[in-house]
Amino acid sequence: MSRGDIPPLLYFVDIILEFFYAGLNTKSSFKRLYRREIKKMEKKTEQETKTIEIRWHGRGGQGVITAAKILAESALKARKYFQAMPEYGAERTGAPIRAYTRISSVPVIVYCGVVNPDIVIVLDPTLVGVVNITEGLKEGGILIVNTPLSPKELRTKLNFAKGKIYTVNATKIALDLLGKGIPNIAMLGALLRATNVIKRENLLDKIRSKLGETLKKQIVEENIQAFEMAYNETQAEEEEEKTLTYKDAGVDIEEASKSVRRIKELAKTTYSSNVMAGIGPFGAIYDFKEILLKYLHPVLVFSVDGVGTKIEIARTMNSLGSIGTDIVNHCINDILCQGAKPLVFLDYIAQHKLCRNEIEEIIQGMTAACREAEISLIGGETAQLPGLLKRNCSDVVGFIAGIVEKNKIIDGHFIEPGDKILGLVSSGLHTNGYSLLGKIFSSRELKEELGETLLTPHRSYFGPLSVLFNERDELGFYFNIHGIAHITGGGLKENIGRILPEGCRAEIRLGSWPILPIFQLIRQRGKITTEEMFRVFNMGIGLVLIVSRLEVSALYKILWQNAQPAYLLGEIKQGEKEVIFQ
């Protein structure tokens, strides 16, 4: 490094000191000390000096330039080098756009493009074999190509022997994301996997910031997904020889740990004084000594269930919080059927690849529902299953425990002919029947026109039933509910049938309650028989109570007074154990 290359400030100091030395006749030993310090700085600057030149090939001009800008500006933000001086631009070489990125640690005054790049990125796979994409690539450089070919196949096709080859099918990734993921951003993920030239966090921040200036939030997040997918799926010949990690298999333990920390914060908002150890230890600890004192013979009631394919529509609508609400309310209703008061809830969330934002949104829905029912979310599990679940697939399962006095357990044992059947209205499909919708409606209809209706959360019947369990009749006796059925998969027929004793037949009068419009639309569009509709869907009734004919009027009135619409659906008759519609 010559004196002319010394940064201007040091050069100026050098001149002043020389005048100072000349005027005062400073001893040569002091001047040698100064010169030694200058050499140290020169050596340090040389060690830290690094320039990376990247050339991009693609036909979508603006997208190529945007990706080049994101990379260069991320380097500047991250202060990756001694002095980050990013440059980017584009030139048209025939039909394709050729853009460049230069990240340098020394000032660049005039720069006209990359002639001898360190890295070549090929966005447009049709350019392979048409344009000399490896032109000028430095010895030992890196070639990153959007192609379905493996690195070995591409090397053979190009007859390329200069440096390293990385391949990723960015076009397929974009199509998997419904065509909204920009392949350029996917190529940034491949670049990061191949070089680690910029910190991942800085690059993601800049992608969100840059794309957020012109694109909707949902599309920006789809680009982030494209980035992540490309990062994980980029192939290189060297990878066959390297030591495998769990992350290489698609399981990111660090990301899982970050998710658990956030889940822990949200779960704490549901804790009661009974929670001794919630999320964190190997097992949750719940002290229910004080609760037991309120019961003569306490019995615990447990249930587990999932939300099924409803989660696919929730992801499309960016409304995963509703899924968290669904699973909590579904499980609450299950144990209410035995008359139990819910105490604690646990969850299980499995994903193809862990997405912290999605998990947090689901847990937010769960904790809100838990607070509403005054139960504690004390534990859970997240699992990354890249080999089992398809890309962008998740499964959400809930586990619940409640308590009931032994002599107040509701199990259908006291159901008898003459009892009346009360139906509590549902909020919609709840969490059943969604697998059939994809056969009936188009993707656009499910995402746009019907999305909000289909995502209406599963109604919890905890509030109105708590009132019934604690209400007394005119003579001062508690109401006696003979049976409760949660209407889920299998509809009214199968779920009421589960609680009927031998010798009792349930007769349901069709038309005794209003059918919600969504069910009428499903039946018409799908040309589904009435029998199949009642077997798959709840048809507007989410919970059924079987009560004495002497108490039905009072219970009916209490439900409506507590904002829970209910209808008299039919009655219990003597006969074979079955449910029939009239």
Side-chain angles (χ1 to χ4, degrees), residues 51-61 63-72 74-75 80 86 88 90 93 96-103 113-174 181-200 203-204 206-207 223 226-240 242 248:
T51 302
I52 295 176
E53 298 179 345
I54 305 170
R55 185 170 69 223
W56 302 68
H57 287 279
R59 295 182 183 273
V64 176
I65 295 172
T66 297
K69 286 183 177 182
I70 287 172
L71 180 63
S74 298
K80 176 71 175 177
Y88 41 78
T93 56
I97 290 289
R98 184 166 67 178
Y100 61 83
T101 309
R102 178 173 173 140
I103 307 168
V114 173
V115 179
N116 298 114
D118 299 278
I119 303 169
V120 170
I121 299 176
V122 182
L123 167 71
D124 189 343
T126 64
L127 298 179
V128 177
V130 177
V131 177
N132 186 6
I133 57 178
T134 61
E135 178 187 1
L137 183 62
K138 291 178 182 176
E139 194 72 30
I142 295 175
L143 178 63
I144 305 172
V145 183
N146 169 20
T147 175
L149 299 177
S150 69
K152 187 175 181 180
E153 290 170 334
L154 183 61
R155 187 181 293 277
T156 301
K157 181 172 182 177
L158 295 176
N159 192 24
F160 175 73
K162 282 186 176 181
K164 300 176 182 178
I165 291 184
Y166 294 82
T167 63
V168 63
N169 197 342
T171 301
K172 182 179 183 300
I173 289 172
I182 297 176
N184 272 291
I185 304 305
M187 296 307 288
L188 281 179
L191 174 70
L192 185 65
R193 180 64 177 269
T195 65
N196 285 320
V197 65
I198 302 294
K199 284 186 178 179
R200 189 172 183 174
L203 201 50
L204 286 172
K206 196 60 187 177
I207 291 172
N223 276 275
F227 174 93
E228 297 281 12
M229 289 158 64
Y231 179 84
N232 290 321
E233 296 175 17
T234 297
Q235 299 182 61
E237 292 171 303
E238 299 83 9
E239 289 187 335
E240 296 175 2
K242 73 175 185 178
D248 294 325

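All values below come from the heavy atoms of this structure, side chains included, with hydrogens, waters and symmetry mates left out.
Side-chain contact check for I173 versus V168: some heavy-atom pair is nearer than 4.5 Å. For the pair V120/T134, no side-chain contact is recorded, criterion being any heavy-atom separation below 4.5 Å from C-beta on. Within the 4.5 Å cutoff, the side chain of L203 has no heavy atoms near those of the L191 side chain. Side chains of E228 and L204 form a contact here, defined as non-hydrogen atoms less than 4.5 Å apart. Counting heavy atoms from C-beta on, the side chains of N146 and N169 come closer than 4.5 Å. Within the 4.5 Å cutoff, the side chain of Q235 has heavy atoms near those of the S150 side chain. Residues I165 and V145 have side chains not in contact (no heavy-atom distance under 4.5 Å, counting atoms from C-beta outward).
Shown here is K157, whose NZ atom has no more than 12 heavy atoms of other residues, nucleotides or ligands within 6.0 Å.
When atom types are taken as modelled, the side chain of R55 and the backbone of E135 share a donor-acceptor pair closer than 3.5 angstrom. Between the side chain of R155 and the main chain of F160, a donor-acceptor pair closer than 3.5 Å is present. One N or O on the side chain of T167 and one on the backbone of L149 form a donor-acceptor pair closer than 3.5 Å.
Among all heavy-atom pairs drawn from F227 and I185, the shortest one is CD1-O, 3.7 Å.
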